[in-house]
Amino acid sequence: MRGPVVVLGDTLLDRDVEGVVNRLCPDSPVPVLDETAASDRPGGAGLAAVFAAAQGAEVVLVTALADDAGGARLSALLAAAGVQVYPLALSGATPEKIRLRARGRVLLRHDRGGTSGEPGPPSDEVLRVIGSASAVLVSDYGRGVARQPALRDALAATRAPVVWDPHPRGPAAIPGVHLATPNESEVRELVPALPGASRLATASRGAQGLRRRWRAGAVAVTLGGDGALLCHAGSTPLVVPTPGSAEGDTCGAGDRFAAAASLALAQGALVSEAVQAAVAEASAYVAGGGVAAALPMSGRSEPVLRAPRSRTTSGPVLTSAAGPGGARVGVAAVATLLGEVRAAGGTVVATGGCFDLLHAGHVATLQAARQLGDCLIVCVNSDASVAGLKGPDRPVMSEGDRSRLLAALSCVDAVLIFDEPTPEAALSWVRPDIWVKGGDYATGGGDAAAILPEAEVLRRWGGNAVVVPYLDGRSTTDMIVRSVGERTR
């Protein structure tokens, strides 16, 4: 493949809540679910991107993320799956789908997030990565990303094969897509069926109608456990049956199908070959246990972007930290700050590091960073992240103490703790206009911003990385070494 596989569309946060039902509610004849476990995963375009990345492809996801805890959670999950997120701003809340389950069956689905927010415009870097793609998958969930005018222009201009997974509430596919992949119910909504027509006749008529309407190269209608029907221009439809039994949980099967077809086209397959590969992949996915088996650990570990959990609720609710400076620590505090600053048209500045043993060099860098914009968010490595970077004897101070000390500084507006070795997931959610590091990162000459490891991430949404002067001779590691040396004399 000459470039990354780009997945473009709406991402949702999916949560499965497992439990047991042993009684009815005393004030209403409904079952009571006692929660035993909960898991989070990216849904929508995010799930398709995770599936593609799991096959070893370089995957870029262009999606809209809100300034809330759900957006932060999605950034963390996507980064952990190896997906490069090129975020667009999203007004409103992150859409969430919560499934309440018992004994493998869904009792109720609870949707949150309200009406679709308006995604912001793409950066030049987003448009560039679409132009360099080996294939593009548009995973439309009807929430606005596929309708964004600049993105549609970029999709129309790319020379890469485009796969369009449509939604009845979404826009029409751009003219000339290589392959559209609606399911049966979507086809019936988009092209009304003739009374009394057979299943295959309805699928074939709908596929040909969409192919002509969208001027698509081909349309593959997925038929659940019966495979798919592929229509080309002027040809007899091709029915691709499943290779075996495909009974099981079908949640995510359409995303798996579209991702597999996109990967095959990126590798030079014919459309018919891509559809056959996609049917085989989707069938194996359903027969193998569906999303629970494909992503067995999704969301069961601590979130990469996190705040202390409330101990008085039944689920892992993100809240602000308590204590001095606590109102400015955590995902909720950062989300509130981002909303206020962006609503006023302000500039968001961020910096990051371990900040173990806060010293004058740190303070000088933070003060200089704060002068560059209208707020300063500090991304702090968690205890586990510091230990992985510095060794088992670090940090000297816990993440709680470090974050509270930072939040108590007048130049710091909010603090976010992250678990990974790098702040990429945190940055993808915060989307700062400016990322700041101390001047020691610029040693060696050349363009200082270009050598910052975060600079490439910042370019995804048009942000800038800069360095500011630091105070010579201030180093946490050196201070610890000198302190230990003095005590052992």
Side-chain angles (χ1 to χ4, degrees), residues 7 9-12 14 16 43-48 51 95 97-99 101 105-111 113 115-116 137-147 163-173 177 179-214 216 218-231 237-242 245-262 274-275 278-283 285-287 290-291:
V7 180
D10 313 291
T11 301
L12 306 87
D14 280 352
D16 284 342
L47 183 60
F51 286 152
K97 292 183 178 180
I98 305 167
R99 295 174 179 84
R101 304 164 58 99
R105 295 181 180 274
V106 177
L107 303 179
L108 178 71
R109 199 183 86 183
H110 174 202
D111 287 3
T115 57
S116 306
L137 167 59
V138 179
S139 182
D140 184 17
Y141 273 73
R143 299 190 68 90
V145 171
R147 192 177 282 109
V163 175
W164 196 284
D165 193 5
H167 192 282
R169 293 196 306 269
V177 297
L179 177 66
T181 61
N183 61 34
E184 281 185 280
S185 63
E186 290 165 345
V187 167
R188 285 194 294 269
E189 285 196 55
L190 293 167
V191 181
L194 295 176
S198 68
R199 184 187 185 193
L200 284 181
T202 297
S204 178
R205 178 177 182 274
Q208 292 289 16
L210 291 177
R211 187 191 60 75
R212 290 189 294 268
R213 183 188 304 175
W214 294 340
V219 175
V221 181
T222 55
L223 304 173
D226 293 321
L229 180 144
L230 174 65
C231 284
L238 170 68
V239 175
V240 181
T242 57
S245 174
E247 295 183 358
D249 186 358
T250 59
C251 178
D255 297 303
R256 188 64 171 253
F257 180 96
S262 301
V275 171
V279 168
E281 281 283 336
S283 301
Y285 164 80
V286 173
V291 73

Tabulate below the donor-acceptor pairs under 3.5 Å that side-chain atoms of residues 252-262 make, not counting sequence neighbours, or state none.
from: Asp255; atom 1: OD1; to: Tyr141; atom 2: OH; distance (Å): 3.0
from: Asp255; atom 1: OD2; to: Tyr141; atom 2: OH; distance (Å): 2.9
from: Arg256; atom 1: NE; to: Glu281; atom 2: OE1; distance (Å): 3.4
from: Arg256; atom 1: NH2; to: Glu281; atom 2: OE1; distance (Å): 3.4
from: Ser262; atom 1: OG; to: Ala258; atom 2: O; distance (Å): 2.8

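- Of all heavy-atom pairs spanning Trp214 and Ala180, the tightest one is CZ3-CB, 3.9 Å.
- If you run side-chain contact (heavy atoms from CB on, under 4.5 Å) between Leu179 and each of Leu230, Val219, Leu137, Asp165, only Leu230 comes through.
- Of all heavy-atom pairs spanning Pro241 and Val279, the tightest one is O-CG1, 3.5 Å.
- For the atom pair CD1 (Ile98) and CG (Asp111), the distance works out to 8.0 Å, reported to the nearest 0.5 Å.
- When the side-chain hydrogen bond (donor to acceptor under 3.5 Å, both in side chains) test is applied to Glu186, no partner is found at least two apart in sequence or on another chain.
- Arg205 places a side-chain N or O within 3.5 Å of a backbone atom of Pro192 that can act as its donor or acceptor partner.
- With hydrogens and angles disregarded, no donor-acceptor distance shorter than 3.5 Å links the side chain of Arg143 to the backbone of Leu12.
- Note: Arg169 CZ to Glu189 CD = 9.0 Å, rounded to the nearest 0.5 Å.
- When all heavy atoms of Ala197 and Thr202 are compared, the pair lying nearest together is CB-OG1, 3.6 Å.
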Next on the checklist: Working note: Val187 + Leu210, criterion side chain to side chain contact (heavy atoms under 4.5 Å, CB included); need CA distance, chi angles, decisive distance, verdict.
Outcome noted: CA-CA 8 Å; Val187 167; Leu210 291 177; 4.3 Å; yes
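- Once rounded to the nearest 0.5 Å, the distance linking SG of Cys231 with CD of Gln208 reads 4.0 Å.
- Checked for salt-bridge contact, Arg199 and Asp226 meet the test: a charged N lies under 4.0 Å from a carboxylate O.
- Nearest heavy-atom pair, Thr242 versus Ser283, reported as atom, atom and distance to 0.1 Å: CG2-OG, 3.2 Å.
- Asp10 places a side-chain N or O within 3.5 Å of a backbone atom of Val145 that can act as its donor or acceptor partner.
- Residue Glu184 holds its CD atom at 7.5 Å from OG1 of Thr222, rounded to the nearest 0.5 Å.
- Scanning all heavy atoms of the two residues, the minimum distance from Val7 to Ala45 falls at CG1-O, 3.6 Å.
- In plain terms, the two heavy atoms of Ala146 and Val138 that are nearest each other are CB-CG1, 4.0 Å.
- For the pair Asp14 and Arg99, the salt-bridge criterion is met [side-chain N within less than 4.0 Å of a carboxylate O].
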